Every structure is written in structure tokens, then in C-alpha cells.
Amino acid sequence: MNVEEYIASGILELYVAGVLSEEENRDVHAMILKHPEVREEIEQIEKAIVRHTAALAPGTVPSFEFIKTHTAGKQVPVRSLQSKKTYSWITYTGWAATIVLASGMFFMYYRINNLQQDIKRAGDQNIQLEQQISDVRKDAEATEELIEILRQKDIVTITLGGQAIAPESFARVFWNKKDEIAYVDVSGLPEPPEGKVYQVWSLKLDPLTPTSMGILDQYDSDNNKIFALANPNQSQAFGITLEPEGGSATPTMDQLYALGVVSAS
Amino acid sequence: MDQAELAAKFRNKDIKAFERIYSDYSDSLFGVIFGIVRDREIAEEVLQDVFFKAWDKAETYSAEKGRLFTWLLNISRNSAIDKTRSKGFKNKNKNSDSSFYVDILETRDKTEIDIDVNYIRSMLGRLKERCVKLIELLYFKGFTQKEVSEELDIPLGTVKTNNRNCISELRKLIQT
């Protein structure tokens with residue numbers, strides 16, 4: 001997970017709320033030390049929460065001087081002198097029994113503490129697992145939805161062959177003319193280099209007029225590499241080029257990765 | 001003074017650092033405490049108690065545990081909740097089933113308190129109802145993700161991202 005994804009995950013908001021486990025808190029702290037933008041984000045979140053909660057302050061807070069009465073008033077307790085006494089054997093046995101009892105209780109306390117920590121750890125793991133299950137389920141739902149779409153009868157499939165720059169690669173467009181949506185599958189294209197994005201073009205052939213359908217700037221976060229783009233055009237062909245981030249007004253032809261013609265039907 | 005420096009001085013019981021922390025966070029914590037105890041005098045008492053405790057155990061704070069604010073927020077919530085459970089505490093607001101803010105606005109009409117009504121009204125008007133609730137549970141009440149998912153009946157996995165979106169809205173609202 002990169003820093004942007006980490007920030008977008010929402011964990012920092014929970015960090016400020018103070019509802020994460022100790023382990024998660026330590027992880028966030030490690031990220032803060034590594035990435036200044038994480039700290040920056042946390043400060044912004046905290047600012048918003050401080051403002052938000054302060055709205056319910058029922059008037060001005062007591063002056064700090066009042067707090068000072070406490071901080072200044074710390075005194076070292078006076079030790080009283082003890083008079084000497086003689087101790088009988090009853091006292092000694094009493095003390096011995098007390099020590100045995102106390103160590104027993106201390107041991108029990110220690111055990112209970114350990115068990116409580118185990119329970120808490122198991123609880124935290126549970127939450128993480130549930131989160132993973134929920135993520136996987138969401139992925140599965142998205143995939144199923146996609147299959148459902150690709151099975152519709154109005155879909156035209158166009159295979160885009162790899163061009164000079166990457167002859168091995170390919171892509172596919174599933175075009176639903178009626179709904180004016182094209183699903184572009186780019187799993188057969190190489191991963192775009194840093195700072196570049198794929199841009200999809202609808203083409204008219206005579207004369208050659210490209211119309212941009214959109215850029216695939218969500219490439220990293222999309223697992224199945226299928227993107228839905230609106231396509232109200234009367235496309236005769238589709239092309240995919242590699243463009244600088246943000247896309248271009250016209251396709252850069254020497255960066256044409258894949259091209260395919262819609263068969264007349 | 002950045003946060004790390006402030007925290008280090010606070011741990012060493014530097015009174016100036018403590019005063020700075022008090023001025024940064026006391027309003028906010030006062031609001032959180034009031035949201036729980038719903039009585040101005042009691043809230044004041046708890047707030048003082050929170051800062052007494054913070055001072056007494058300053059050396060137990062470490063940045064690994066979270067932000068100073070978050071540390072104080074936890075102490076505040078716990079102290080306020082303890083207070084509501086203590087013997088002498090009478091809950092003056094019986095209708096605690098009604099919505100948090102509506103309830104507080106009503107409390108204001110009955111008693112002499114000076115909350116930021118304009119802010120609350122504009123927030124209620126512009127944030128989604130679900131966001132208002134989510135923020136209340138996570139920040140005022142300290143609910144865990146699991147508790148929030150049960151209370152609002154939403155999947156556990158969506159609490160984090162829902163809350164992120166809500167806080168983004170809140171940040172926009174506060175900037176304007």
C-alpha cells in the first residue's frame with residue numbers, strides 16, 4: 001500500500017479518534033516518522049475534530065491558573081517516626097501468612113492480566129479478519145457484476161491488437177451501443193510507467209477523427225483492469241495511447257499501444 | 001514548538017508546555033465531556049480533573065500511543081463516563097434516546113449554557129445524517145469500529161471509509 005492509499009484508507013481518522021488497537025497505533029506512528037504527509041494529514045484531521053468538538057463547550061473553560069493550584073501543590077509526604085516495639089511469634093506467623101497470600105494474589109493477578117491481553121489480541125485479529133472478508137466480498141460482488149454486464153446480448157466485442165511499440169500486447173472493448181457504455185479491458189497491456197496514463201480514443205476512419213473517451217487514471221487501484229467509459233460516439237475503431245498524466249487533447253500516435261476496428265454489422 | 005517538542009516538555013512536567021496544551025485542547029475536551037455529562041458545572045469539574053490526571057501521569061504519555069490530543073480525549077471520555085456512573089450523578093436528561101444534537105440544543109434552551117449554536121446548526125444542515133451520527137459515536141463516545149457497525153447496522157469494513165468521507169466533508173465545512 002503506498003502513502004496515498006494508506007491515507008485514503010481512513011485509518012488516520014480512527015487514529016485521531018483513539019479507537020485503534022495498540023498495535024495499530026504503533027503502525028501509524030511508524031508511518032508518521034517515515035512520511036511527513038501522513039503527519040500533515042493527521043494534523044488537519046485533528047484540527048477539524050478539535051473545532052467540531054469545541055462547538056459543544058458550554059462556555060469558556062476555567063482559567064489555567066486554576067489548574068496550576070494542583071500542579072504547584074505537590075508536596076512530599078511527611079514520614080512519621082515509628083516507636084520500637086517487640087514482636088511476638090504471632091506477629092511473625094501473621095506476616096508470613098500475609099506474604100504467602102500476597103504472592104498468591106499477585107500471581108493470580110498476573111495470570112488474569114495475561115489472559116485479558118490474549119482476549120484483546122484475539123478481538124483485534126477478529127476485526128482485521130472481518131475487514132478482509134468484507135473487502136474480498138466486495139471484490140467478488142464487483143466481479144460478478146462485471147460478468148453479468150459482459151454477458152448482455154447487446155454487447156459488441158472488439159479486440160485491439162498490439163501496435164509497433166508493444167506488439168505482444170492487446171486489449172478488448174466491450175461496447176454496449178444501446179447504453180452508450182464501453183468496458184475497456186486493458187489487462188493485456190503493460191503497466192503504464194510513472195507519470196503516464198493510458199487514454200482511450202474512439203475513432204472515425206474517413207477522415208480519421210479521434211475523440212477521447214477518457215483516461216485510465218485509476219489503473220493502480222483497479223484489480224481486474226476493466227474500466228467503464230461513456231461512449232456516445234458512432235465509433236468505427238478504438239485506440240489506446242500512452243499519454244502524460246492528465247491525458248492529451250489529441251492522441252500521441254507514436255505511443256499507440258493497441259488499435260482495433262469495429263466490424264460492420 | 002512542534003508536537004514532538006511539546007510532548008517531550010510535557011513529559012518532563014514543563015508548566016509552559018502544559019499551559020500551551022491546555023489552551024489548544026481544553027475547549028474541545030470541555031465539549032466532549034459536556035456531550036457526555038450534559039451539565040455545565042459537572043463538565044467543568046471533570047475537565048479540571050482530566051488535566052490534573054494528565055499532569056500527574058505526564059511521564060506515561062508516549063508518541064507511540066497516539067497524539068497528545070487523542071491521549072487527552074481518551075482520559076476525558078473515560079472520566080466523563082465514570083462520572084455518569086458514579087453514585088451522586090443524576091441524569092437530568094431523561095430523553096437520551098433522542099438525537100444527540102437535538103437533545104443538546106434542548107438542554108441549552110432549558111439551562112444557561114453557551115454552546116456554539118450557529119456552528120451546530122450549519123453542521124447539521126450540511127453534513128449527512130449518517131455522518132453526524134458516525135462522528136458522534138467515534139469521537140464523542142469513543143465507540144470501536146465494531147460497536148459503530150452494530151449501532152448503525154452497517155458492515156464493519158465500511159466504517160473506516162465512511163468515516164473518512166464524513167471527516168473530509170467536515171474539513172470542507174470548517175474551512176468555509
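Remember, it's a predicted structure, so these values are computed and weren't measured experimentally. A note on names: the letters A, B, ... follow the listed sequences, proteins ahead of strands, and every chain is numbered from 1.
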To the nearest 0.5 Å, how far apart are [atom1] in [X] and [atom2] in [Y]?
| X | Y | atom1 | atom2 | value |
| --- | --- | --- | --- | --- |
| A/Glu13 | B/Leu134 | CD | CG | 10.5 Å |
| B/Tyr139 | A/Thr53 | OH | OG1 | 10.5 Å |
| A/Ser9 | B/Lys160 | OG | NZ | 4.5 Å |

Indicate yes or no: at least one non-hydrogen side-chain atom of [X] is less than 4.5 angstrom from one of [Y].
| X | Y | answer |
| --- | --- | --- |
| A/Asn25 | B/Arg67 | no |
| B/Lys146 | A/Glu130 | yes |
| A/Val16 | B/Ile167 | no |
| A/Leu56 | B/Tyr119 | no |
| A/Pro62 | B/Leu47 | yes |
| A/Leu20 | B/Thr144 | no |

A quick test of your reading: do over 12 heavy atoms of other residues, nucleotides or ligands sit less than 6.0 Å from [atom1] of [X]?
| X | atom1 | result |
| --- | --- | --- |
| A/Glu5 | CD | yes |
| A/Glu180 | CD | yes |
| B/Glu59 | CD | yes |
| B/Glu150 | CD | yes |
| A/Glu37 | CD | yes |
| A/Glu144 | CD | no |
| B/Lys13 | NZ | yes |

Residue [X] versus chain A: region with a heavy atom under 4.5 Å:
| X | value |
| --- | --- |
| B/Ile135 | side chain |
| B/Ile120 | side chain |
| B/Asp24 | backbone |
| B/Phe143 | backbone |

Pairs of heavy atoms under 4.5 Å with chain B: top-ranked of [options]:
| options | result |
| --- | --- |
| A/Arg39, A/His52, A/Glu22, A/Arg137 | A/His52 |
| A/Ile11, A/Ile133, A/Val19, A/Ile42 | A/Val19 |
| A/Gln131, A/Arg51, A/Glu43 | A/Arg51 |
| A/Ile45, A/Leu12, A/Leu14, A/Val61 | A/Val61 |
| A/Val50, A/Leu33, A/Thr60 | A/Val50 |
| A/Lys138, A/Gln132, A/Arg26 | A/Arg26 |

Checking side-chain polar atoms at under 3.5 Å, does B/Tyr25 have a donor or acceptor matched by the opposite partner on A/Glu46?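 B/Tyr25 vs A/Glu46: donor-acceptor pair found between side chains.
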
Counting heavy-atom pairs under 4.5 Å to chain A, which of B/Val159, B/Leu170, B/Ile104 comes out on top?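 Max contact count across the listed options: B/Leu170.
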
Among B/Glu147, B/Arg77, B/Gln175, which residue has the highest count of heavy-atom pairs closer than 4.5 Å to chain A?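 So the answer, after comparing B/Glu147, B/Arg77, B/Gln175, is B/Arg77.
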
Contact class of A/Ile32 relative to chain B, heavy atoms under 4.5 angstrom: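 Contact with chain B is absent: no heavy atom of A/Ile32 under 4.5 Å.
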
Contact part of A/Ser134 toward chain B, heavy-atom cut-off under 4.5 Å: side chain, backbone, both or neither? side chain

Below 30° counts as parallel, above 60° as perpendicular, anything between as tilted: where do the rings of B/Phe18 and A/Phe64 land?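 Rings of B/Phe18 and A/Phe64: perpendicular, as their planes differ by over 60°.
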
Any donor and acceptor pair, going by atom type alone, linking the side chain of B/Arg40 with main-chain N or O of A/Pro58 inside 3.5 Å?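 Present.
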
Taking all non-hydrogen atoms of both residues, which atom of A/Ala17 and which atom of B/Thr70 are closest, and how far apart?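 Closest heavy-atom pair between A/Ala17 and B/Thr70: C-CG2, 4.1 Å.
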
Atom of B/Ala63, atom of A/Tyr15 and distance for their closest heavy-atom approach: O-OH, 4.0 Å

